[in-house]
Amino acid sequence: MQEDFRLIVDLVTVLAAASFGGLLAAALRLPVLLGYIFGGIVVGPTGLGLIKELIQVETLAQFGVAFLLFALGVEFSLKQLNKVRAIALGGGSLQVLLTIALTTAVSVFVGWVDTPTQGIFLGGILSLSSTAVVLRSLMETNATESAQGQVTLGMLIIQDLALGLMLAVLPALDHPESVGIEVIKALSVTALFAGGAIAAGIWVIPPFLRWVASTESRELFLLSVIVLCLGIALLTEQLGLSIEMGAFVAGLMISEVEYADQALTYVEPLRDVFATLFFAAIGMLIDPVFLIQNWELILSLVAIVMIGKFLIVVPLVSFFRYPLRVAIFAGLGLAQIGEFSFVLASEGQKLGLVSRRVYLLILGTTAVTLMVTPFLLKATPQILELLEKVPFLQAWMNKLDMPQELAANAELHDHVVVCGYGRIGQGIVTLLQSKGYPVLVIEDAESKVEILRSRNIPYLYGNCASPFVLEKAEIDHARSMLIAISDPIATRLAVQRAISISPEIDIVVRAEKDADIDTLYQLGAKEVVHPTFETSLELTTHLLLCLGESTQDIQTEIIAVRRSRYANFRPEIACALPIVPLLPPTTNLVEIDGNAS
């Protein structure tokens, strides 16, 4: 078979296996990512051996990582990165250094390695976590915008940046006297590249994209974005840094341009296809026979690695004054070994820093941690709820959630408490104040608190899910409470704790996911609003008005949909129950209490 045609056959085989594995995982209610990895194991060299051009497939799979990091850069943006700069730069760097130091000390003391150099190398491998796996898991649970998601991604980005430094220093590990010089060179190159990227992001990229967009050609815009992403990624590779770092920086450079959403929309299909190929390529590296033969040792290493990294990350995040639930989420999210550790381990094997057996153990341990991580992140809300119920842990869980500052002009009687001062919260506060209602905003982001101070809006600096903060906000004397934050865990806790303090308080809350709607009602919320469904209602209203339907009939139907908890839009309910209007068409809207709002 011709070489070029062989590669096409291999690509089709890998994608087909990944698709089948993903469908199987979805049918079993498992993360589809595990299905992609399983598909790679089946068709890989250690499985059925159907893949002949493994190196070429792995090379193409790097596109998946590049597009994943590029999309993350576009979505994350410099403004969001600035919100978590302290934990990202400080916590991320400390996490890498502490992991390397502790791994070196333990491995030398126990005798896992022969020299400190090998211990440093092993620590570098263990310090990296999987941006691709964690990002994909956060996307599936809509948690990328939450506090814990932002903290975790911020630390992961610093790890990706550290990878380039590690690869630059790796050849010098056998010559300790030159390590310092290599570190300085790598940092200098990184600083020069960062300066150039900032300059290009301000003066070059925006006018270039505007010029391309002016052609009104979708194909040209897509090609330009891809060339920009991959071109900068290749540039960083040539500079001795990593492709992943370049792709992420390329995304950041586009994130502040008005065409960022358009670029992301075009790149997302490519990202998903190549990311699938990447996860399948990880599966092809796994040797199931070796895993079975050494399962006791590998499970022991998995436990040591995951518990060890968890115990390093949780205190670090707590040290930066984040609530313990955020620290626990970050600890679980960073507890695995990243896929880029494969790159380090491969280079280390070439340089003689690890034996073949140790290399296979690293691969096996990494593979298992990658497969366990989606389950851990999915189960994190349940884990946190269990910890909340442990009596001696309750005070510890909330010790960093104490109220930090209360505005001097805050009115704490017959007021409306608004949790979250994002775009939704800002609009609501503006409307309430224009009507003369006393408002108290609860916010735990320093950047938002600064805005509240500048606008002289009453605020309480703290976490709205904390019982101490809710008590400080005088919830029992409040007229209503509105929760408009993106963290589903904190949202549920805020509703539950507010009801426990003031059982009769009227709570309106935004739901992030369909499954949260019934849960929030059961916890005591009076009204649960789903942004996507509300968009559907607004679009339908406009359409029906254009078609000649009466305003009163339309409003009646919309009220019925809201009272049915959006049952029309939720397949699992719509299939089980007949959906009928709850109000007759002749009902006078004036008689309906505030549910029409």
Side-chain angles (χ1 to χ4, degrees), residues 83-107 109-110 119-120 122-131 134 138 143 146-162 301-338 369 372-373 376-377 379-402 404 444-446 462-463 465-466 468-469 487 489-490 493:
K83 294 178 185 177
V84 292
R85 63 185 182 276
I87 184 64
L89 293 173
S93 301
L94 283 174
Q95 180 266 322
V96 171
L97 294 174
L98 283 173
T99 303
I100 292 175
L102 291 174
T103 302
T104 303
V106 172
S107 60
F109 177 77
V110 176
I120 293 173
L122 182 61
I125 290 175
L126 299 185
S127 67
L128 299 177
S129 303
S130 175
T131 303
V134 175
L138 291 175
S146 64
Q148 56 265 31
Q150 295 283 292
V151 168
T152 305
L153 289 174
M155 297 180 72
L156 282 167
I157 288 166
I158 296 302
Q159 290 183 5
D160 292 335
L161 298 179
L301 292 174
V302 168
I304 292 171
V305 167
M306 299 193 77
I307 293 174
K309 293 188 75 172
F310 178 82
L311 293 177
I312 290 174
V313 172
V314 172
L316 270 178
V317 177
S318 299
F319 176 76
F320 282 86
R321 303 296 299 170
Y322 283 92
L324 191 60
R325 70 178 188 283
V326 175
I328 291 174
F329 185 97
L332 294 173
L334 300 174
Q336 80 290 142
I337 308 175
T369 61
V372 169
T373 296
L376 275 179
L377 291 178
T380 299
Q382 289 75 26
I383 294 173
L384 291 173
E385 288 178 9
L386 288 175
L387 293 177
E388 288 279 347
K389 296 176 181 178
V390 179
F392 70 90
L393 285 179
Q394 287 181 349
W396 189 39
M397 290 286 287
N398 297 316
K399 69 177 181 178
L400 294 180
D401 283 346
M402 299 297 291
Q404 301 180 45
D444 61 355
E446 174 60 34
N463 172 25
S466 166
F468 307 109
V469 171
D487 184 349
I489 301 173
L493 289 174

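Computed from heavy atoms alone, side chains included, the values below leave out hydrogens, waters and symmetry copies.
Nearest heavy atom pair, residue Ala88 against residue Gly154, reads CB-O, 3.5 Å. Closest approach of Ser318 and Leu324 over heavy atoms only: OG-CD1, 3.7 Å. Considering every non-hydrogen atom in both Leu493 and Ala465, the closest pair reads CB-CB, 3.9 Å.
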Under 3.5 Å, which donor-acceptor pairs link side chains of residues 301-314 to any protein atom two or more places apart or in another chain?
unit_1	atom_1	unit_2	atom_2	d
Lys309	NZ	Leu126	O	2.8
Lys309	NZ	Leu128	O	3.2
Lys309	NZ	Ser129	OG	2.9
Lys309	NZ	Leu334	O	3.3
Lys309	NZ	Gln336	O	2.8

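Taken from CG in Leu332 to CG in Leu376, the straight-line distance is 5.5 Å, to the nearest 0.5 Å. Between Phe329 atom CZ and Ile383 atom CD1 the span is 10.5 Å, to the nearest 0.5 Å. For the atom pair CG (Leu102) and OG (Ser127), the distance works out to 11.5 Å, reported to the nearest 0.5 Å. How far CD of Gln150 is from CD1 of Ile87: 12.5 Å, rounded to the nearest 0.5 Å.
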Open item on the list: side chain to side chain contact (heavy atoms under 4.5 Å, CB included), that's the test. Do Leu98 and Leu316 meet it? Break it down for me.
Closed with: CA-CA 10 Å; Leu98 283 173; Leu316 270 178; 4.2 Å; yes

- [ ] Output, in order, the C-alpha distance, side-chain angles, deciding distance and verdict of side chain to side chain contact (heavy atoms under 4.5 Å, CB included) for Leu377 and Val134.
- [x] CA-CA 8 Å; Leu377 291 178; Val134 175; 4.3 Å; yes

- [ ] Applying side chain to side chain donor-acceptor pair (under 3.5 Å), run through Thr99 and Gln95 and close with a yes or a no.
- [x] CA-CA 6 Å; Thr99 303; Gln95 180 266 322; 3.3 Å; yes

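Residues Leu94 and Phe319 are not in side-chain contact: their nearest non-hydrogen atoms beyond the backbone lie 4.5 Å or more apart.
A donor-acceptor pair is defined here as one N or O able to donate and one able to accept, closer than 3.5 Å; such a pair exists between the side chain of Thr104 and the backbone of Ile120.
Under the side-chain hydrogen bond (donor to acceptor under 3.5 Å, both in side chains) criterion, Ser130 pairs with Glu339, not counting sequence neighbours.
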